[in-house]
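Working notes for the structure below.
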Amino acid sequence: MHDKVLILDYGSQFTQLIARRVREAHVYCEIHPATLSADEIRDWDPKGIVLSGGPSSVYDESVPSLDPGILGLDVPILGICYGMQLLAHASGGAVIPGKREYGRAKLHVHEARGLFAGFDTSHDVVVWCSHGDHVDEPPAGFVTVASTEDLPVAAFRSEDRPLYGVQFHPEVAHTPRGDEIINNFLFSICGCQPTWTAGAFVDETVASVRERVGEAQVICGLSGGVDSSVAAALVHRAIGDQLTCIFVDTGLLRAGERDGVERTFREHMGIRLIVVDARSDFLGPLEGVTDPERKRKIIGETFIRVFERTADEIGGHAKFLVQGTLYPDVIESLAVQGPSATIKTHHNVGGLPDDMAFELIEPLRELFKDEVREVGRALALENTFIRRHPFPGPGLAIRVLGPVSEDRLAILREADQIYLEEIEAAGLYDEIWQAFAVLLPVSAVGVMGDARTYENVVALRAVTSRDGMTADWYPFQSDFLGRVSTRIINEVNGVNRVTYDISSKPPATIEWE
């Protein structure tokens, strides 16, 4: 069994980053709603608990609070921002409202032990703050262990219990030594062991899948992306030829996708593969649909119906369906973290009909994207698949904004291929988390060959990210963007204007729909 850390979510946009930092330290963790009781937490048996930040004030009505019994569990607790204020409030301390502080601050560490073991008390360090309330004095029985110019109590600890709080955010990249603070909590304070590794995950998942499936038949919806490829390889290791992968040509694929998947999975991996041409099944119901959530629901339900039909045709009577659902998909779709808002429904999570005939196997459901890549390497999957940028389950349907048609898909497919070719040629592909083209639902006036045109607009998107939960736009050189724009306008019939998206996540999402 692995040591476990429980993260209680109070609505912070950074809650997922806390989980990423803990996982990066090879310690298993999960995000759960802040409504968990002390008894439920005791049953979960964590080695440590992290209380996330959040937008609330401890004095407001109907805000997420803390079960006082949690403080008596004798489990180390780290409160971050709002989590620190909850610890102070629950311990009889005062939280002062109205002193807003956002951005970088210089932290002065008072004692180089505990959370700050290895720090130098004679040199300030940079931290990142985002709060409206603060603790002005530590509660009785607590001592201040760090401060800033504006925060007399930037961090505190209990003198007789394993309770710690920081008013800044150690989980964000803007706090350069945040990883050290989190690791001090995990290893020095909680006594966790770093056993959560890709190799251990493979061994445990193979055994779990084998036990659950028994002699039953399993099908996997294979897209050729990282997630479904790793999920297929993992389940194939567990049950061999009991697995049949189904690659559905939805008509919503990137250029060359079908041929590449057939070649790799049949010839190089020896996995049983069936290719289904279902373009009409998808494009018919999508005709005239503009709402992105409706698109996702249509595509999710159609996938299942195609799988059910194909399973009947091959006579396998499959009981299970494998999907490459990831932890961020679950978080964003179902808001499992309590007060955090649902951003959008992911195809792998929210688009499935209630009456489908299969039980789901989601072997990657606990993993973030970079952990999936590590598992792929542990499975010796080809690097071609491991390094691929994420591609959404609904495919190009959510990159053709507005109505989806074969003509509009062809325009987008060609523009997207040119864009990715130029990124590869420039040696930038592995620096970028995700890059793609979007076809906008507008037309623009242009001039070509001395004639007026009124044609489509393509937007280009490229972002850098550690986990897909937050992202920054990639700063291409202007000559690169000019080269891509010229190629798309010259080579793709029906496009006369190209734009580049410089929005970060948040406030935008990575995909446009």
Is the [X] ring parallel, tilted or perpendicular to the [Y] ring (thresholds 30°, 60°)?
{"X": "W473", "Y": "Y500", "value": "perpendicular"}
{"X": "H174", "Y": "W128", "value": "tilted"}
{"X": "F116", "Y": "F168", "value": "tilted"}

Any salt bridge linking [X] with [Y]? Criterion: basic side-chain nitrogen under 4.0 Å from a carboxylate oxygen.
{"X": "E513", "Y": "R399", "answer": "no"}
{"X": "R388", "Y": "E257", "answer": "yes"}
{"X": "R42", "Y": "D39", "answer": "yes"}
{"X": "D472", "Y": "K505", "answer": "no"}
{"X": "R461", "Y": "E511", "answer": "no"}
{"X": "R387", "Y": "D430", "answer": "yes"}
{"X": "E293", "Y": "K297", "answer": "no"}
{"X": "E371", "Y": "R377", "answer": "no"}
{"X": "E149", "Y": "K106", "answer": "no"}
{"X": "R161", "Y": "D74", "answer": "no"}

(request) For S485, check side-chain contact (heavy atoms from CB on, under 4.5 Å) against everything at least two apart and list the hits. (result) I489, V498
(request) Hey, could you give me the CD/CZ distance between E111 and F119, rounded to the nearest 0.5 Å? (result) 12.5 Å
(request) Find the distance between OH (Y419) and CD (E424) and round it off to the nearest 0.5 Å. (result) 12.5 Å
(request) Give the intermediate values and the outcome of side chain to side chain donor-acceptor pair (under 3.5 Å) for residues E61 and Y59. (result) CA-CA 7 Å; E61 295 182 4; Y59 296 118; over 6 Å; no
(message) Using the side-chain hydrogen bond (donor to acceptor under 3.5 Å, both in side chains) criterion, which residues pair with H2? Sequence neighbours excluded.
(response) T195, E204
